[in-house]
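When reading the values below, keep in mind they use all heavy atoms of this one structure, side chains included, and skip hydrogens, waters and symmetry mates.
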Amino acid sequence: MTYTGDVTVGGPADVRELPALSIAKLAVGPFDNNAYLLRCAATGEGLLIDAAAEPDRLLALIGNDRLGTVVTTHQHGDHWQALAQVVKVTGAQTVAHPLDAPELPVQPDRLVRHGDTITFGEVSLEVIHLRGHTPGSIALLFDGGGDRPHLFTGDSLFPGGVGNTWKDPERFTQLFTDVSERLFDRLPDETWFYPGHGKDSTLGAERPALPEWKARGW
């Protein structure tokens with residue numbers, strides 16, 4: 001079946017199969033969070049992006065295969081409600097940015113900064129620091145290995161705009177600048193991005209609206 005990225009809380013995961021890895025998107029919890037299970041095609045090792053809620057459903061998605069890493073994209077509580085339980089059961093190492101780490105219920109085994117690499121199996125993800133939604137919000141980039149780039153943006157970029165900056169002009173300017181320079185100025189239109197809530201999109205679909213986002217200030 002063709003991947004769409006349209007998932008609902010309580011419903012099944014939507015799975016995208018790439019040559020190097022699979023991406024399973026699952027909606028969980030009262031805030032309709034997206035959790036993403038990435039699995040290396042060569043080794044079977046998994047990486048989970050945001051153990052947001054409903055640990056039983058996340059653990060069922062993980063199954064009996066090895067989960068080596070859980071990355072938390074930022075400090076907000078709706079993105080880590082299941083973190084402690086998932087780590088307890090799987091023994092996975094935890095990863096986050098140092099500016100958001102103090103607010104997490106499980107202190108990270110590894111702290112990552114802009115430009116760092118996270119590897120699981122034979123797959124590597126690049127860490128992109130996007131300041132503004134929180135001080136330590138990060139996105140994760142898989143360059144596609146010959147396919148289009150795939151970008152996991154947490155709550156920093158959604159279809160229709162950047163993440164919430166609570167009407168703070170300084171925070172909005174920082175986030176809009178980082179998203180513009182570190183994502184849109186660098187990556188091609190076909191880049192598919194996977195946000196922390198709701199539907200996916202591509203950079204090409206959103207690029208024409210950048211001037212509108214900047215003008216409205218949110």
Side-chain angles (χ1 to χ4, degrees), residues 1-8 11-28 33-52 57-73 79 86 90-96 110 112 114-130 138-159 179 182-207:
M1 296 180 65
T2 301
Y3 174 87
T4 64
D6 296 337
V7 292
T8 57
D14 197 6
V15 180
R16 177 174 235 160
E17 298 287 352
L18 304 175
L21 80 160
S22 64
I23 301 168
K25 178 181 181 180
L26 186 71
V28 294
N33 286 76
N34 296 325
Y36 298 95
L37 177 65
L38 282 54
R39 196 165 294 284
C40 172
T43 67
E45 183 171 347
L47 176 145
L48 181 67
I49 301 173
D50 286 344
R57 292 185 65 219
L58 293 177
L59 290 167
L61 180 67
I62 295 163
N64 294 323
D65 293 327
R66 167 172 159 74
L67 182 73
T69 308
V70 181
V71 181
T72 303
T73 59
H79 288 259
V86 168
T90 64
Q93 77 159 354
T94 56
V95 178
R110 181 185 174 194
V112 292
H114 184 66
D116 285 350
T117 298
I118 301 170
T119 300
F120 62 104
E122 297 180 2
V123 176
S124 293
L125 305 175
E126 179 188 339
V127 176
I128 302 174
H129 188 195
L130 300 171
I138 57 173
L140 300 172
L141 174 66
F142 173 64
D143 70 6
D147 186 56
R148 70 171 82 206
H150 297 264
L151 180 67
F152 301 87
T153 58
D155 283 2
S156 292
L157 176 64
F158 295 96
V179 165
R182 298 182 175 186
L183 303 183
F184 283 94
D185 288 355
R186 173 187 169 193
L187 298 170
D189 282 351
E190 61 265 27
T191 302
W192 190 287
F193 72 87
Y194 306 78
H197 306 263
K199 296 184 177 182
D200 306 348
S201 187
T202 65
L203 294 187
E206 307 301 321
R207 192 183 302 276

Checklist entry - Run the side chain to side chain contact (heavy atoms under 4.5 Å, CB included) check on Thr69 and Arg110 step by step: do they pass? => result CA-CA 10 Å; Thr69 308; Arg110 181 185 174 194; over 6 Å; no
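- Minimum heavy-atom separation, Ala24 to Leu61: CB-CD1, 4.1 Å.
- Residues satisfying the ring-ring contact (aromatic ring centres under 6.0 Å, His included) criterion with Phe152, sequence neighbours excluded, are Tyr36, Tyr194.
- The nearest pair of heavy atoms linking Leu26 to Ala13 is CD1-N, 3.8 Å.
- Contact record, Pro159 with Asp200: CG-O, 3.8 Å, taken as the closest heavy-atom pair.
- With values rounded to the nearest 0.5 angstrom, Arg186 atom CZ is found 11.0 Å from Leu203 atom CG.
- With sequence neighbours left out, the side-chain hydrogen bond (donor to acceptor under 3.5 Å, both in side chains) criterion links Thr94 to Asp109.
- To the nearest 0.5 angstrom, Glu126 atom CD is 11.5 Å from Ile138 atom CD1.
- Between the side chain of Asp14 and the backbone N or O of Tyr3, no donor-acceptor pair lies under 3.5 Å.
- Between Leu130 and Leu183, the closest side-chain pair of non-hydrogen atoms falls below 4.5 Å.
- Of all non-hydrogen atoms in Pro12 and Val7, the two that sit nearest each other are O-CG1, 4.0 Å.
- With sequence neighbours left out, the side-chain hydrogen bond (donor to acceptor under 3.5 Å, both in side chains) criterion links Thr90 to no other residue.
- Across every non-hydrogen atom of Gly198 and Asn34, the tightest pair is O-ND2, 2.9 Å.
- Under the rule for a side chain to side chain contact (heavy atoms under 4.5 Å, CB included), the partners of Asp50 that lie at least two apart in sequence or sit in another chain are Thr72, Thr73, His79.
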Next on the checklist: side chain to side chain contact (heavy atoms under 4.5 Å, CB included) for Val127 and Val95? Distances and angles first, verdict last.
Outcome noted: CA-CA 11 Å; Val127 176; Val95 178; over 6 Å; no
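- The closest side-chain heavy-atom distance from Asp6 to Lys199 is below 4.5 Å.
- Counting heavy atoms from C-beta outward, Leu37 and Ile62 have side chains that approach closer than 4.5 Å.
- Applying the salt bridge (Lys or Arg N to Asp or Glu O under 4.0 Å) rule to Asp65 yields the partners Arg39; only residues at least two apart in sequence or on another chain are considered.
- Proximity of His197 to Asn33: side-chain heavy atoms (C-beta onward) are separated by under 4.5 Å at one or more points.
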Checklist entry - Taking it one step at a time, do Leu157 and Phe184 satisfy side chain to side chain contact (heavy atoms under 4.5 Å, CB included)? => result CA-CA 11 Å; Leu157 176 64; Phe184 283 94; 4.2 Å; yes
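- Between the Arg57 side chain and the Gly11 main chain, a donor and an acceptor come within less than 3.5 Å of each other.
- Here the closest heavy-atom approach between residue Phe158 and residue Pro195 is recorded as CD2-CB, 3.6 Å.
- In this structure, Thr153 contributes its side chain and Ser156 its backbone to no donor-acceptor pair below 3.5 Å.
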Distance-only donor-acceptor pairs under 3.5 Å for side chains of residues 114-123, two or more places apart:
residue: His114; atom: ND1; partner: His129; partner atom: N; Å: 3.1
residue: Asp116; atom: OD2; partner: Arg113; partner atom: N; Å: 2.8
residue: Thr119; atom: OG1; partner: Ser124; partner atom: OG; Å: 3.2

Item to check | Verdict with supporting geometry, Leu67 and Val86, side chain to side chain contact (heavy atoms under 4.5 Å, CB included) | outcome: CA-CA 10 Å; Leu67 182 73; Val86 168; 4.0 Å; yes
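- Between Leu47 and Leu125 there is a side-chain heavy-atom pair separated by less than 4.5 Å.
- Side-chain contact between Leu187 and Leu141 is present, with heavy atoms from C-beta onward closer than 4.5 Å.
- Separation of atoms CZ (Arg207) and CG (Asp185) is listed at 7.5 Å; rounding is to 0.5 Å.
- Looking only at side-chain heavy atoms (C-beta outward), Ile128 and Leu140 stay at 4.5 Å or farther from each other.
- Atom CZ of Arg16 and atom CG of Leu38 lie 11.5 Å apart (nearest 0.5 Å).
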